[in-house]
Amino acid sequence: MKNIIGCFFLLICLQACTAQKTEEKKINGVSFVANRNPVDSTHVSPVQLVNANYAAVMPFGFVPQKDKPQIIYNTDRQWYGETREGGRNYVSELHKAGIEVMVKPQIWIRNGEFTGYLKMETESEWTALEDSYRNFIIDYATLAQEEGATIFCIGTELEQFVTNRPDFWTQLIIDIRKVYNGKLTYAANWDEYKKTPFWSQLDYIGIDAYFPVCDDQTPSVECVTAGWQRWKEEMSAFAKAENRKVIFTEFGYRSVDYTGKEPWKADRSMTTVNLEGQAQATQALFDTVWDEEWMAGGFIWKWFIKHEEVGGPENNQFTPQNKPAEAVIRQHYGKY
């Protein structure tokens with residue numbers, strides 16, 4: 001009898017530990033930016049040191065003009081990390097370090113025009129764009145399958161494309177699942193995700209989380225926390241309705257004044273450096289949403305492979321590298 005009781009309590013303890021481990025498992029990720037060069041363990045080590053357990057690998061396709069239905073990709077004119085071969089190298093080296101991967105192919109429109117505005121005028125142009133995009137995405141979904149990537153992202157901030165051609169996306173997801181058997185998401189812009197029609201076909205609700213949260217020059221933790229409440233409630237209700245967890249497919253803040261006011265801005269006229277604002281806004285994001293049941297985790301924007309050469313006290317861009325925000329991320333990711 002004592003042995004039976006002992007086994008029973010051991011089973012209960014094991015189940016409790018397993019449940020706790022599952023509950024605590026978060027996607028603590030970085031967006032691993034493509035470079036001209038291959039990567040090796042020296043480039044991956046800083047990702048480990050910030051306690052990340054995931055990285056997004058981002059090959060690119062290029063649209064020469066917004067109204068031209070052509071995606072050019074995997075060419076000799078691209079940086080190595082933006083190509084299929086480079087993507088394979090990046091995924092492989094991350095996996096060697098025990099870091100899981102989301103493959104997230106993205107497109108770049110000439111002159112940096114916003115991808116959400118990509119829209120064709122005629123049926124023939126739409127059909128040509130769809131054919132080109134399908135080839136691009138299926139090629140990288142196949143790569144994700146070959147390399148054992150845990151998550152595949154089917155697109156990033158393509159609101160007009162999604163809105164105008166929903167049937168294409170429905171079929172594309174079916175086609176992707178024929179070549180890739182991991183988890184799927186889509187990276188919707190922060191003001192787009194509630195209009196995205198195909199979450200029921202995917203495994204996660206993906207959001208590029210550049211929500212406006214605080215208008216102050218140097219946003220405090222308190223101000224940003226208050227600013228998140230509206231968005232937090234909306235995401236919680238939406239996740240429940242869709243029966244899906246949320247991934248922040250991108251999140252982060254520039255180290256500039258007013259970084260919480262319009263966090264999506266990459267305006268070069270914003271030249272001031274405000275390291276404190278970036279760190280405090282990042283801390284507030286973690287404090288406010290990361291431990292929510294509906295929150296699966298996310299990927300900080302951006303993380304460059306040559307860690308010692310980027311970021312730092314004079315840098316006013318998104319990367320947290322070699323700034324106080326990096327310590328915030330390391331501490332928070334280290335909890336999991």
Side-chain angles (χ1 to χ4, degrees), residues 22-23 25-27 29 31 54 56 58 100-107 115-120 126-127 129-145 148-211 230-251 289-299:
T22 301
E23 182 182 352
K25 175 71 172 179
K26 290 286 182 179
I27 296 170
S31 298
Y54 263 85
M58 300 170 291
E100 296 186 67
V101 172
M102 175 174 72
V103 175
K104 183 172 177 265
Q106 296 187 216
I107 62 174
T115 53
Y117 299 149
L118 182 65
K119 182 179 178 181
M120 299 296 107
W126 273 119
T127 300
L129 176 63
E130 290 170 351
D131 290 343
S132 186
Y133 192 81
R134 179 182 286 106
N135 291 338
F136 171 59
I137 287 297
I138 294 296
D139 269 0
Y140 282 107
T142 303
L143 175 67
Q145 177 67 22
T150 307
I151 306 171
F152 183 76
C153 183
I154 70 170
T156 298
E157 297 179 7
L158 293 167
E159 182 176 356
Q160 287 298 316
F161 193 173
V162 169
T163 299
N164 284 277
R165 308 297 285 190
D167 291 345
F168 164 75
W169 289 89
T170 296
Q171 185 59 49
L172 178 65
I173 294 166
I174 294 170
D175 294 341
I176 291 169
R177 291 206 183 272
K178 292 176 183 177
V179 300
Y180 175 74
N181 60 18
K183 303 292 187 180
L184 295 182
T185 191
Y186 165 76
N189 201 24
W190 67 274
D191 59 354
E192 172 195 357
Y193 78 93
K194 289 189 288 185
K195 297 175 283 187
T196 303
F198 44 67
W199 294 126
S200 63
Q201 289 184 269
L202 305 180
D203 299 287
Y204 296 107
I205 299 164
I207 303 175
D208 286 356
Y210 302 112
F211 297 93
R230 169 193 170 188
W231 311 118
K232 178 180 173 180
E233 291 172 7
E234 288 185 3
M235 284 186 289
S236 177
F238 191 81
K240 183 178 180 180
E242 293 289 339
N243 194 28
R244 297 288 187 278
K245 289 194 174 185
V246 169
I247 293 178
F248 283 175
T249 36
E250 294 175 18
F251 73 94
V289 301
W290 215 255
D291 288 333
E292 292 295 315
E293 184 277 332
W294 49 265
M295 181 63 174
F299 298 84

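Computation of the quantities below employed the complete heavy-atom set of this structure, encompassing side-chain atoms and omitting hydrogens, waters and symmetry-equivalent molecules.
In this view, Trp126 and Phe161 satisfy the ring pair (Phe, Tyr, Trp, His ring centres under 6.0 Å) rule, not counting sequence neighbours. Remark: Thr170 pairs with Gln201 by the side-chain contact (heavy atoms from CB on, under 4.5 Å) rule, at least two apart or across chains. Partners of Glu159 under the side-chain contact (heavy atoms from CB on, under 4.5 Å) rule, at least two apart in sequence or in another chain, are Thr163, Glu192, Lys195.
Two rings, from Tyr193 and Phe238, have their centers less than 6.0 Å apart. Residues Trp190 and Tyr210 keep their aromatic ring centres 6.0 Å or farther apart.
A donor-acceptor pair is defined here as one N or O able to donate and one able to accept, closer than 3.5 Å; no such pair exists between the side chain of Asn243 and the backbone of Ala239. No donor-acceptor pair under 3.5 Å is formed between the side chain of Ser31 and the backbone N or O of Ala56. With hydrogens and angles ignored, the 3.5 Å screen pairs no side-chain donor or acceptor of Lys104 with any backbone N or O of Gly155. At distances below 3.5 Å, at least one donor-acceptor pair connects side-chain atoms of Asp208 with backbone N or O atoms of Glu250.
A heavy-atom distance below 4.5 Å is not found between the side chains of Thr150 and Val101. With a 4.5 Å cut-off on side-chain heavy atoms, Tyr186 and Tyr204 do not count as touching. Tyr180 has its side chain out of reach of Val103: every pair of non-hydrogen atoms, C-beta onward, lies at least 4.5 Å apart. The side-chain heavy atoms of Thr156 and Leu158, taken from C-beta on, include no pair separated by under 4.5 Å. Side chains of Ile107 and Phe136 form a contact here, defined as non-hydrogen atoms less than 4.5 Å apart. A heavy-atom distance below 4.5 Å is not found between the side chains of Ile247 and Ile207. Residues Thr185 and Ile151 form a side-chain contact, since some pair of their non-hydrogen atoms from C-beta on lies under 4.5 Å apart.
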Q.
Please determine whether salt bridge (Lys or Arg N to Asp or Glu O under 4.0 Å) holds for the pair Lys25 and Glu100, giving the CA-CA distance in whole Å, both sets of side-chain angles, and the decisive distance to 0.1 Å.
A. CA-CA 13 Å; Lys25 175 71 172 179; Glu100 296 186 67; 3.6 Å; yes

(Q) Could you go through Phe152 and Ile137, starting from their C-alpha distance and side-chain angles, then the distance that decides it, and tell me whether this counts as side chain to side chain contact (heavy atoms under 4.5 Å, CB included)? (A) CA-CA 10 Å; Phe152 183 76; Ile137 287 297; 3.8 Å; yes

Q: In sequence, state the C-alpha distance, the side-chain angles, and the governing distance for Ile154 and Phe198, and then conclude on side chain to side chain contact (heavy atoms under 4.5 Å, CB included).
A: CA-CA 11 Å; Ile154 70 170; Phe198 44 67; 4.0 Å; yes

Q. ring-ring contact (aromatic ring centres under 6.0 Å, His included) between Phe251 and Trp290: does it pass, once the steps are laid out?
A. CA-CA 12 Å; Phe251 73 94; Trp290 215 255; 5.2 Å; yes

Q | Candidate pair Ile205 and Lys245, rule side chain to side chain contact (heavy atoms under 4.5 Å, CB included), full reasoning | A | CA-CA 6 Å; Ile205 299 164; Lys245 289 194 174 185; over 6 Å; no

Q: Output, in order, the C-alpha distance, side-chain angles, deciding distance and verdict of side chain to side chain contact (heavy atoms under 4.5 Å, CB included) for Gln145 and Tyr140.
A: CA-CA 9 Å; Gln145 177 67 22; Tyr140 282 107; over 6 Å; no

Q | ring-ring contact (aromatic ring centres under 6.0 Å, His included) assessment of Phe248 paired with Phe299 | A | CA-CA 6 Å; Phe248 283 175; Phe299 298 84; over 10 Å; no

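Closest non-hydrogen pair, Cys153 versus Met102, comes out as CB-SD, 4.1 Å. In plain terms, the two heavy atoms of Gly206 and Thr249 that are nearest each other are C-OG1, 3.8 Å.
One finds no salt bridge joining Asp203 and Arg244 here, because no Lys/Arg side-chain nitrogen approaches an Asp/Glu carboxylate oxygen to under 4.0 Å. Salt-bridge formation is detected for the pair Arg230/Glu234: a Lys NZ or Arg NE/NH1/NH2 atom is positioned less than 4.0 Å from an Asp or Glu carboxylate oxygen. The existence of a salt bridge linking Glu233 and Lys240 is excluded, since no basic side-chain nitrogen approaches an acidic carboxylate oxygen closer than 4.0 Å.
Remark: Lys183 NZ to Leu202 CG distance equals 11.5 Å, nearest 0.5 Å.
Defined by atom type and a distance below 3.5 Å, a donor-acceptor pair is present between the side-chain atoms of Asp175 and Gln171. Looking only at atom types and distance, the side chain of Gln160 has no donor-acceptor partner in the side chain of Tyr117 under 3.5 Å away.
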